[in-house]
Each structure stands twice: as C-alpha cells, then as structure tokens.
Enquirer: 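Pasting in a structure now, in structure tokens, and then I'll have a few things to ask.
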Amino acid sequence: MNSSASAPATPAKQNDFIRDIIDEDLKAGRHSKVITRFPPEPNGFLHIGHAKSICLNFGLALDYRERLPESGTRCHLRFDDTDPAKEDTLFEDGIQEDVRWLGFQWDGLYHASDYFEKMYEYAEHLITAGKAYVCSLTDAEIKQYRGTVTNPGQASPYRDRSVEENLDLFRRMRKGEFKDGEHVLRAKGDMASANMKMRDPLLYRIRHTEHHMTGDKWCIYPMYDYAHPISDAIEGITHSICTLEFENNRELYDWVIDNLIEYAKFPSRPRQYEFARLNLNYTVMSKRRLLELVQGNHVRGWDDPRLPTIAGLRRRGYTPESIRAFCASVGVAKANSTVDMAQLEFCVRDDLNQKAPRVMAVLNPLKVVIENYPDDKVEELEAAYWPHDVPKEGSRKVPFCKEIYVEQDDFMQDPPKDYYRLAPGKEVRLRYSYCVTCTDVVKDETGEVIELRCTYDPKTLGANPEGRKVKGTIHWVSAKHAVDAELRLYDRLLSDEAPPAGKDSEFLNAINPNALQVLTACKLEPSLASAQVGDRFQFERQGYFIADIDSKPGNQVFNRIVTLKDSWARAHKK
RNA sequence: UCCGAGGUCGUCUAAUGGUAGGACACGACGCUUUGAACGUUGGAAUGGUGGUUCGAACCCAUCCCUCGGAACCA
C-alpha cells in the first residue's frame, strides 16, 4: 500500500470539530471553498507536533478539494517572518524539505513579509480612523500600565495624541528617525479589558535589524497579532487554524479584521479556530528544550534520531506514511492531551510490517560450532524476504556452514521452563535452516560462555523433526560470510513519561542514558553488504532498521527504528 | 484572584436528547520455521451534586479539577 506524495494515504477518519465547522459553513453558504494555511515561523526545525498541524491543514485542503473540485480549495505554506532577529532562510529550507517529505505540496508559498507594505498602509488607516496611536512609553512602563490579570491597566499618557501627530510619528518611525524601543504603534483597545491581549496591544515596534527577506527596507516590523489576521485575509484564508494558546488572541484577531475589512476589501473574512497541540510522553516538544538538547550537545544535532523533530524521525527511519497515520489516529480536538509514544511506535511497525523485507542480523554474537556438519561445506539456503501474511514475493540465498553466530540472548544456561531457545541439551530451529541441539558449552576462565557446541539434524531442512516438537526458532548468520556492522539502538529520549515541569534545565536529568546504544561488533547476513542508505529492513526477531548516512563501504551503519513487540520479554520483565 | 478554554476506559478519540463505540496499551486463548504479524476474546470510562425529561455524556444550576493568558515572541 504505497501512496504518492500528492495523495497521502491517510486512514479513513471520522469528522473532527474543525470539519464539522467547515461543513456547516459550506452548508450555510458562508464559504464556497476552503483555504487553509500552515504558518511556521522560520526560526527552528519542525517536529512531530507541527506534523499534526501540517496534516490537519493540508489534509483539509485535500479532503475538501475532492468534495469541491474547481472551487479553489487549497492550502498555503506561509512563513510568519515578523521578527527578523530570530528568523533565517536556513530554517525556511529545512521546513520546506520537511513538509515535502511528509508528502504534502503547498498551493503557493508566501511570507508575512510579502504584505509589509499593505500592513503599513492599513496601519495608517487605523491611525486615521482613530483606532491606533503611537505610544512613547518604555518597555517597562508599558508593562506597568498594562495592569495584571486581576487589576485593570491604565491609559498611556500618549493615548490621546492627535491623528496628525500619530501619523507624523509613525511615518518617521518608518523612516528610521528613532531608535529601537523609542516608540511603538498600539491599537486603541480597552485598558480595563479582562482579556490582557486587548489592553492596547502593540501593533508595530522599531527594529533596526536586517530581515532575511526584505533586507534593510524596513526598520519597523508588525507584531504577530497584527500581521497574522491581515496575512490570512489577504490570502483569502477561510479557516485559520492554530493551537490553544492563541485562544486569548482571537478577540484581537477579530478586532484587526473587523476594523480593516471594509477599507481593505479582503477576499475573505477568515475565522480563527484553535485545537490542542500534540504532546507525546517520553520526549520533549518545545522549541526551547529541543534547542537546549542540540546546543548542549546532549544529542548529535537537529536530525538526531532520538529527537521528535521531523529531521530526526526521518533519519531514525520513520516513514512519512506512518507519521501521517499517527496524526490521523490521534484526532483533532480541543482537550489538552498527551499521546502515548506506543501509539507512534505502533504506526511505524504497522507500516513497516508491509514494507520492510526480512533479513537476519546478530546484534550480540555468540559463536556456535555445529560439530557433525562437514568442515568445508557451504549450503546456500533459500530465505524468503516476506512472511506468509505479507503478499509479496522475493527471496535471497543465505550461506550456512559449520560455524555460525547466534544471539547471546538466545542461549541460557539455566532457562525457565517456558524458554524456547537454546540451552544445554535443548533443540531449536535455525531460521530457514536446520534444527540444532546444544551439546556443550564452552566458557572462558571467568566462566563466561564464549562458544556453543551443537549437532544438527540433517532431516530437518524444510521439514519438521520426527517424533518431537521444536518450539523455538532463532536467527543466525554464517561466521565465515558475515558482514560486520555498527548498529545504533535507539530508544525513547526520556526515562520518565513526563519531563520535570520546571522552567529550567531540569528535564535534562530525565534523559534516558540508553536512548542511544552503539553496538560495533554486529554480524549481518551477507546480502546486507549492498544495502543502500535509506533502505529499511526488519532484522528478524529484533526490530526494524534503516541504513544510516554514516555507512561506509565495509562498515555498514544501521539505526534501529523501533523494536518488534516482544511479549516474552514483557512477560519476564519482573 | 480576573478572563478564556477544557474534563468520556490506563492513553487518544467517537456518540450533540434514544444500545457509551473504535484505536493504542494491557491480559487470556488460537495460529506460527520471527515469542513478530494476524485472529478470537477479556477487563476497562461519562469529575461531583442537584434539576429538566418517558429518557441526559449531551440541556440547566452549582461545586471541583486541569490548561492557557499580564513578551516591543509566535
């Protein structure tokens, strides 16, 4: 079940509250098409939380375009670049790559900065209409005048400047006659409003900073609350979807639109709707914490496979389809929630089960000598790439000879009764090969098991042993033919379900020391010598792996994407 | 404390006045040359209290709890 990049195969999903709203809008004739947008600020890397928003916004356009062909239904990618101090083209490139990789294509690439001239014009209109004024209070004074959540604020002494004076000051702000922080443009809201966002919110601030798109054309920049609704309205956005923390901003969003719509003749009257952002346990999602992990060298960069960044998940080996399926499975709602990492892991297993050919790799090798097998004989055994329940064809030959490696975990000296693998005197099936019985255990001087001696039953190739039942099947590789490899075993970033809530770096203490475990003495079946970077496999009984970019000829490097479910290990954890 | 938004199985999410359902997770069983996958199956929820109604997760009242809001960030 592959899907093309332009038509993601997201599972059939039920309606969410956003789709309910859109359906009603369509039914009531408020809109004849739907236009959404994904509006990242180009100041960092995208993570799986953004993927939820991407799937929602682009998914809406895909869904409704299907229902309303030729309507102009679409989704824009818009960079919300109103703070030149933080933003960079570098981030824009990464964001575009991530959106594309997830399987979506935007119908138009925009920048909030495309509209700076319009925004300026609208600001002058607001001033002329007596709705905005230039305030010359300092940063600290503005804060003080604003009051608190329980106490009303008080009016700025500059609130009653004349239209002429405001216009003059604002034009001189644009010309660069003032220093940063000297003046700001504010909306005339209500200093007693219970919504702090309405207490004469700032619309423009002075920033003598080069902007990555507009260069040095501007030295005043609009604030989010002013730029966002205008950008939406100019682009004809019908449903402006954002996360819950913007609920208090909606009143201001509407204020901006309402005070400008007649003058500006916007093509749409956008409405803002808020949904709950994605939270995942056992990891961190905030920009700040992600940045701290990267800058503090707690991980190896933005694409470290331990990170929930899109780049990290990509390198880890997650498929875009699995991430889309995950986003569909968590739904869209308004209740704050934290999704279990197991849900994400299920989605990638579920996808890879159909896509990843099965091969054999021994992570922690234990040598086995098959005593009754001829010294120099090598058999090429047929091994299917796919299990019986995956409808795909294909196989390769795996060499079998007298000396092989098996997994250390697949031998126990003194096993519990329900242990199906190797133990002294016990017989197991070697996957795609013979059944062998352990006859002797070789130990070094410290008592550590360094080698197993076994005998094989020549009548068990492709046939069940006679008169007895062999329950266990283990994987193996030929010692003589094995390919050496480095395996990077990844696990959850944090040991704790939820990182400490503190504002400081306390969460660093929760980092799982085993989130990355590097194994350098691994033995792979020879077919893996030709694996290409990005190829995914299931290493039977171990998990799904992907060939990493660090692979060199003669030294393959694989990342573990996710383990297989292991009900035996789970049952014996205690 | 004020304003805003929320509260349904362990987790995520449906049901919008008419059988509280699905997925993940967990357990049991079956199948198995992957202790995988798959199949069957089990346990498991409407924050509390009143009220309206033949009937309430849903409507009303009240209380409790959680999250967000006082950046010249988004």
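Each chain gets a letter, A, B and so on, in the order its sequence line appears, and its residues count up from 1. The basis for the numbers below is simple: all heavy atoms, side chains too, and nothing from hydrogens, waters or symmetry mates.
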Enquirer: Go through residues 241-248 of chain A and report each residue with a non-hydrogen atom lying under 4.0 Å from RNA chain B, sorted by number.
Expert: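 Hits under 4.0 Å, by residue number: Glu245(A), Phe246(A), Glu247(A), Asn248(A).
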
Enquirer: With P as the reference atom in both, quote the distance from U19(B) to A57(B) in angstrom, rounded to an integer.
Expert: 10 Å

Enquirer: Hey, does Arg358(A) reach any base, or is it just sugar-phosphate, or nothing, if we go heavy atoms under 4.0 Å?
Expert: base

Enquirer: Determine which pairs satisfy ring pair (Phe, Tyr, Trp, His ring centres under 6.0 Å) with at least one residue from residues 326-353 of chain A, sequence neighbours left out, and list them in order.
Expert: none

Enquirer: Check whether the side chains of Tyr253(A) and Asp232(A) place a donor and an acceptor atom closer than 3.5 Å, and report yes or no.
Expert: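 Yes, because at least one side-chain N or O of Tyr253(A) sits under 3.5 Å from a partner of the opposite role on Asp232(A).
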
Enquirer: By salt bridge (charged side-chain N to carboxylate O under 4.0 Å, His left out), which residues pair with Glu247(A), not counting sequence neighbours?
Expert: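 Salt bridge (charged side-chain N to carboxylate O under 4.0 Å, His left out) check on Glu247(A) returns Lys334(A).
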
Enquirer: Between Asn353(A) and Glu87(A), who's closer to the 5' end of RNA chain B by nearest nucleotide?
Expert: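 Nearest-nucleotide comparison on RNA chain B picks Asn353(A).
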
Enquirer: In residues 380-390 of chain A, what residues come within less than 4.0 Å of RNA chain B, judged by heavy atoms?
Expert: Pro387(A), His388(A), Asp389(A)

Enquirer: Gln538(A) near the nucleic acid: base, sugar-phosphate alone, or nothing, with a heavy-atom cut-off under 4.0 Å?
Expert: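 Base contact.
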
Enquirer: Under a 3.5 Å cutoff, is there a donor and acceptor pairing between the side chains of Gln538(A) and Glu540(A)?
Expert: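 Short answer, no.
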
Enquirer: Quick check on Glu393(A): does its CD atom have over 12 non-hydrogen neighbours (other residues, nucleotides or ligands) under 6.0 Å away?
Expert: no

Enquirer: Under 4.0 Å between a side-chain nitrogen and a carboxylate oxygen: does that hold for Asp225(A) and Lys197(A)?
Expert: no

Enquirer: If the P atom of G68(B) is compared with that of A56(B), how far apart are they to the nearest Å?
Expert: 35 Å

Enquirer: Any idea which heavy atoms bring Tyr204(A) and Ala123(A) closest together, and the distance?
Expert: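 Distance-wise, the nearest heavy atoms are CE1-CB, 3.8 Å.
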
Enquirer: Give me the distance, rounded to whole Å, that separates G17(B) from G55(B) when you measure between the C1' atoms they each carry.
Expert: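 Going atom to atom, C1' in each nucleotide, I get 8 Å.
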
Enquirer: Anything below 3.5 Å on both distances counts as a pair; with that, list the stems of at least three consecutive Watson-Crick or G-U pairs involving RNA chain B.
Expert: B:2-7 with B:64-69, B:10-13 with B:21-24, B:26-30 with B:38-42, B:47-51 with B:59-63

Enquirer: Quick one: label Asp139(A) by what it contacts on the DNA or RNA (base, sugar-phosphate, nothing), any heavy atom closer than 4.0 Å.
Expert: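 Base, at least one base atom sits under 4.0 Å.
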
Enquirer: Run the salt bridge (charged side-chain N to carboxylate O under 4.0 Å, His left out) test against Glu210(A) and tell me which residues pass, sequence neighbours left out.
Expert: none

Enquirer: Looking for any heavy atom pair under 4.0 Å, which part of the strands does Glu41(A) touch: base, sugar-phosphate only, or nothing?
Expert: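 Sugar-phosphate, backbone atoms only, no base.
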
Enquirer: Checking all strands, does Thr82(A) fall into the base, sugar-phosphate, or nothing category for heavy-atom contacts under 4.0 angstrom?
Expert: sugar-phosphate

Enquirer: If we check ring pair (Phe, Tyr, Trp, His ring centres under 6.0 Å) with Trp476(A), which of these qualifies: Tyr405(A), Tyr456(A), Phe400(A)?
Expert: Phe400(A)

Enquirer: Taking the P atom of each, how far is C64(B) from G22(B), in whole Å?
Expert: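 After rounding to an integer number of Å, I get 36 Å for this pair.
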
Enquirer: Report the residues that fulfil side chain to side chain donor-acceptor pair (under 3.5 Å) with Arg421(A), sequence neighbours left out, ordered by chain and then residue number.
Expert: Asp410(A)

Enquirer: Within a 6.0 Å radius of atom CZ on Arg277(A), are there more than 12 heavy atoms belonging to other residues, nucleotides or ligands?
Expert: no

Enquirer: Indicate, with a heavy-atom threshold strictly under 4.0 Å, whether Arg431(A) touches base, sugar-phosphate, or nothing.
Expert: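 Result for Arg431(A) = base.
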
Enquirer: What are the two closest non-hydrogen atoms of Gln354(A) and Pro391(A), and how far apart are they?
Expert: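 Here Gln354(A) and Pro391(A) meet closest at OE1-CD, 4.0 Å.
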
Enquirer: Contact class for Val149(A) vs. all strands (heavy atom < 4.0 Å): base, sugar-phosphate, or nothing?
Expert: base

Enquirer: By the 4.0 Å heavy-atom rule, please label Asn464(A) as base, sugar-phosphate, or nothing.
Expert: nothing

Enquirer: How would you list, by chain and number, every residue that makes a side chain to side chain donor-acceptor pair (under 3.5 Å) with Ser136(A), sequence neighbours excluded?
Expert: Arg161(A), His183(A)

Enquirer: I'd like to check the salt bridge (charged side-chain N to carboxylate O under 4.0 Å, His left out) partners of Glu407(A); sequence neighbours left out, ordered by chain and number.
Expert: none

Enquirer: Pick base, sugar-phosphate or nothing for Arg421(A), based on heavy-atom distances below 4.0 Å to the nucleic acid.
Expert: base

Enquirer: For residues 36-54 of chain A, please give each side-chain donor-acceptor pair under 3.5 Å, one per line with the distance, not counting sequence neighbours.
Expert:
| unit_1 | atom_1 | unit_2 | atom_2 | d |
| --- | --- | --- | --- | --- |
| Thr36(A) | OG1 | Asn57(A) | O | 2.9 |
| Arg37(A) | NH1 | His228(A) | NE2 | 2.6 |
| Arg37(A) | NH1 | Ser240(A) | OG | 3.1 |
| Arg37(A) | NH2 | Ile241(A) | O | 2.3 |
| Glu41(A) | OE1 | Asn43(A) | ND2 | 3.0 |
| Asn43(A) | OD1 | Lys287(A) | NZ | 2.6 |
| His47(A) | ND1 | Gly49(A) | N | 2.9 |
| His47(A) | NE2 | Met285(A) | O | 3.1 |
| His50(A) | ND1 | His47(A) | N | 2.9 |
| Lys52(A) | NZ | Ala276(A) | O | 2.7 |
| Ser53(A) | OG | Asn57(A) | ND2 | 3.3 |

Enquirer: Please state the C1' separation for the pair G43(B) and G10(B) - nearest whole angstrom.
Expert: 12 Å

Enquirer: Measuring only the P atom in each nucleotide, how far is C63(B) from G4(B)? A whole number of Å is fine.
Expert: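 Their P atoms lie roughly 15 Å apart.
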
Enquirer: Describe the nucleic acid contact of Lys287(A) in one word from base, sugar-phosphate, nothing, applying a heavy-atom distance below 4.0 Å.
Expert: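 Contact class for Lys287(A): none.
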
Enquirer: Using atom P of each nucleotide, how far apart are A61(B) and C67(B) to the nearest Å?
Expert: 25 Å

Enquirer: Within the structure shown, what part of the strands sits under 4.0 Å from Gly472(A) by heavy-atom distance: base, sugar-phosphate, or nothing?
Expert: nothing

Enquirer: Taking the P atom of each, how far is G47(B) from U33(B), in whole Å?
Expert: 48 Å

Enquirer: Return whichever of Trp568(A) or Leu344(A) has its heavy-atom-nearest nucleotide of RNA chain B closer to the 5' end.
Expert: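 Mapping each residue to its closest nucleotide by heavy atoms, the 5'-most match is Leu344(A).
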
Enquirer: For Asp180(A), what residues pass the salt bridge (charged side-chain N to carboxylate O under 4.0 Å, His left out) criterion, not counting sequence neighbours?
Expert: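 Not a single residue meets the salt bridge (charged side-chain N to carboxylate O under 4.0 Å, His left out) criterion with Asp180(A).
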
Enquirer: Give the first and the last nucleotide of RNA chain B, reading 5' to 3', that has any atom under 4.0 Å from a heavy atom of chain A.
Expert: U1(B) to A74(B)

Enquirer: NA contact type, Leu137(A), heavy-atom cut-off 4.0 Å: base, sugar-phosphate, or nothing?
Expert: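 Counting heavy atoms under 4.0 Å across all strands, the contact made by Leu137(A) includes a base.
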
Enquirer: What's Thr148(A) touching, base or sugar-phosphate or nothing? Going by heavy atoms closer than 4.0 Å.
Expert: base

